[in-house]
Amino acid sequence: MSDKLKVGISIGDINGIGLEVIIKSLLDNRVLDFFTPIVYGNTKNASFHRKANNINDFSFNVINDVDQANPKRPNLINCWQEDVKITLGEENEIGGKYAFISLERATEDLIAGKLDALVTAPINKHNIQSENFNFPGHTEYLQSKTNAEDVLMFMVCDELKIGVVTGHIPLNEVAGKITEEAILKKLRMMNESLKRDFWIQKPKIAVLGLNPHAGDNGVIGTEDDAIIAPTLEKANQEGIFCFGPYPADGFFAGDAYKKFDGVLAMYHDQGLIPFKHIASRKGVNYTAGLPIVRTSPDHGTGYDIAGKNLASHESFLEAIFTAVHIVNNRREQAELSENPLAFRKLSKDRD
Ligand SMILES: NC(=O)c1ccc[n+]([C@@H]2O[C@H](COP(=O)([O-])OP(=O)(O)OC[C@H]3O[C@@H](n4cnc5c(N)ncnc54)[C@H](O)[C@@H]3O)[C@@H](O)[C@H]2O)c1
Ligand SMILES: N[C@H](C(=O)O)[C@H](O)COP(=O)(O)O
């Protein structure tokens with residue numbers, strides 16, 4: 001039995017770049033020294049993408065269950081038997097249907113404890129919608145499947161780790177969701193994740209404002225002064241070392257993010273636009289707050305380049321290694337804190 005971590009990989013939209021970046025990530029078999037990959041898909045589908053992208057000298061070890069995984073090979077579980085029409089670059093129902101089958105099976109194995117982590121290739125948030133999948137994305141699907149009370153979309157790379165208070169919601173609903181409770185919950189999750197998953201002992205967190213120029217003392221909106229600033233005081237009182245609210249534009253223009261271990265943005269694009277730019281195709285989307293470990297690349301289905309051998313796999317490979325790193329950090333920390341020394345006050349005049 002190998003003690004390497006088993007990483008489940010869902011293939012995402014079958015008409016996008018998911019399988020291309022998966023295969024490219026597993027092409028150099030030195031990566032197999034660090035984890036055992038188990039891809040949830042279909043052999044014919046995988047061959048189609050391999051050929052379309054002119055990738056030779058690559059094959060999967062086909063298995064029926066995680067127990068059969070060969071630690072020295074990229075493994076694939078055939079999740080369906082029928083022939084499926086692949087139309088590269090097209091958003092259609094078929095792409096969504098099989099993306100869901102792959103995700104559902106991998107999630108079942110993850111929750112059953114057969115896998116150590118899950119890395120998801122990109123889905124299209126529109127064509128995957130069905131009776132079984134009524135969520136804006138993986139984040140909310142996995143929150144529901146694991147009964148997690150709350151989650152944090154946490155985008156991570158070496159230069160910047162940034163989470164969002166509001167995630168996949170329409171922009172016109174954002175302001176109403178900026179509450180003390182929501183900010184405190186996300187700050188606690190970020191603080192905990194930085195400590196437990198990334199081993200930063202006393203994280204320093206910056207919080208961005210909601211309005212242009214963080215409201216300019218109430219001239220351009222009141223949430224920054226009335227909600228965000230007092231919430232940060234409360235967070236500091238409970239031991240979260242946080243600062244702000246900072247006007248988002250100047251914060252990034254002046255590279256202030258480099259001085260912090262984590263940054264909390266108020267909404268999706270406020271955080272993800274600078275993140276994706278700074279990470280320059282190496283960013284990872286990590287879902288903090290779940291009882292399991294799930295990461296994904298920071299890009300989407302890439303329909304415009306599907307099957308053209310143009311997709312970079314750096315973000316996907318980073319997503320795999322980040323998941324492995326987090327699982328190892330969590331386990332090591334659990335082991336180290338298993339039998340803590342009892343706290344004893346030392347007195348100078350003891351015998
Ligand atoms: N984790 C996920 O499942 C996830 C993440 C982001 C977006 N999406 C979904 O993907 C779909 C398409 O979204 P989009 O067009 O906004 O973003 P996208 O990331 O698919 O594409 C944006 C641009 O980046 C390029 N690109 C993307 N990945 C690349 C790679 N690996 N290498 C080189 N170039 C790359 C594309 O060619 C395109 O020009 C949407 O339905 C969106 O919801 C899913
Ligand atoms: N907002 C993320 C991004 O742009 O990378 C992505 O859409 C995440 O979606 P999931 O919840 O499916 O991970």
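In each ligand, atom 1 is the first atom listed, and ligand 1 is the first ligand listed.
- Geometrically, ligand 2 and Ser296 share no nitrogen or oxygen pair separated by less than 3.5 Å.
- Protein heavy atom nearest atom 3 (O) of ligand 1, with residue, atom name and distance: Ile123 N, 3.0 Å.
- Close N/O approach between Val21 and ligand 1 is not found [any backbone or side-chain N/O within under 3.5 Å].
- Phe100 and Tyr98 have their aromatic ring centers separated by at least 6.0 angstrom.
- In terms of polar-atom proximity, defined here as any N/O pair under 3.5 Å, Thr301 does make such a contact with ligand 1.
- In this structure a side-chain-to-backbone donor-acceptor pair under 3.5 Å is missing from Ser193 to Met189.
- Contacts between Asp304 and ligand 1 below 4.0 angstrom, taking non-hydrogen atoms only, involve the side chain exclusively.
- With a heavy-atom cut-off of 4.0 Å, His138 touches ligand 1 through its side chain alone.
- Residue, atom and distance of the protein heavy atom nearest to atom 24 (O) of ligand 1 are Arg281 NH2, 2.9 Å.
- Summary of contacts: the protein heavy atom closest to atom 13 (O) of ligand 1 is Gly300 CA, 4.4 Å.
- In this comparison of Arg294, His268, His299, the heavy atom closest to atom 13 (O) of ligand 2 sits on Arg294.
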Lys97 and Asp13: CA distance, side-chain angles, deciding distance, salt bridge (charged side-chain N to carboxylate O under 4.0 Å, His left out) verdict
CA-CA 8 Å; Lys97 175 179 169 187; Asp13 191 305; over 6 Å; no
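- Taking a 4.0 Å cut-off on heavy atoms, Ala311 registers as neighbouring ligand 1.
- At a 4.0 Å heavy-atom cut-off, ligand 1 does not touch Thr120 at all.
- Counting atoms of ligand 2 from 1 in the listed order, those under 4.0 Å from a heavy atom of Gly137 are 11 (O), 12 (O).
- Of the polar atoms of Ser312, at least one N or O is found under 3.5 Å from an N or O of ligand 1, judged by distance alone.
- Those atoms of ligand 2 with a heavy atom of Lys276 less than 4.0 angstrom away are 3 (C), 4 (O), 5 (O).
- The closest protein non-hydrogen atom to atom 2 (C) of ligand 1 is Pro122 CA, 3.7 Å.
- If you check each of Asn285, Asp298, Val164 against atom 8 (C) of ligand 2, the one with the closest non-hydrogen atom is Asn285.
- Using a 4.0 Å cutoff on heavy atoms, Gln143 does not count as a contact of ligand 2.
- Counting heavy atoms under 4.0 Å from ligand 1, residue Ile305 touches it through the side chain alone.
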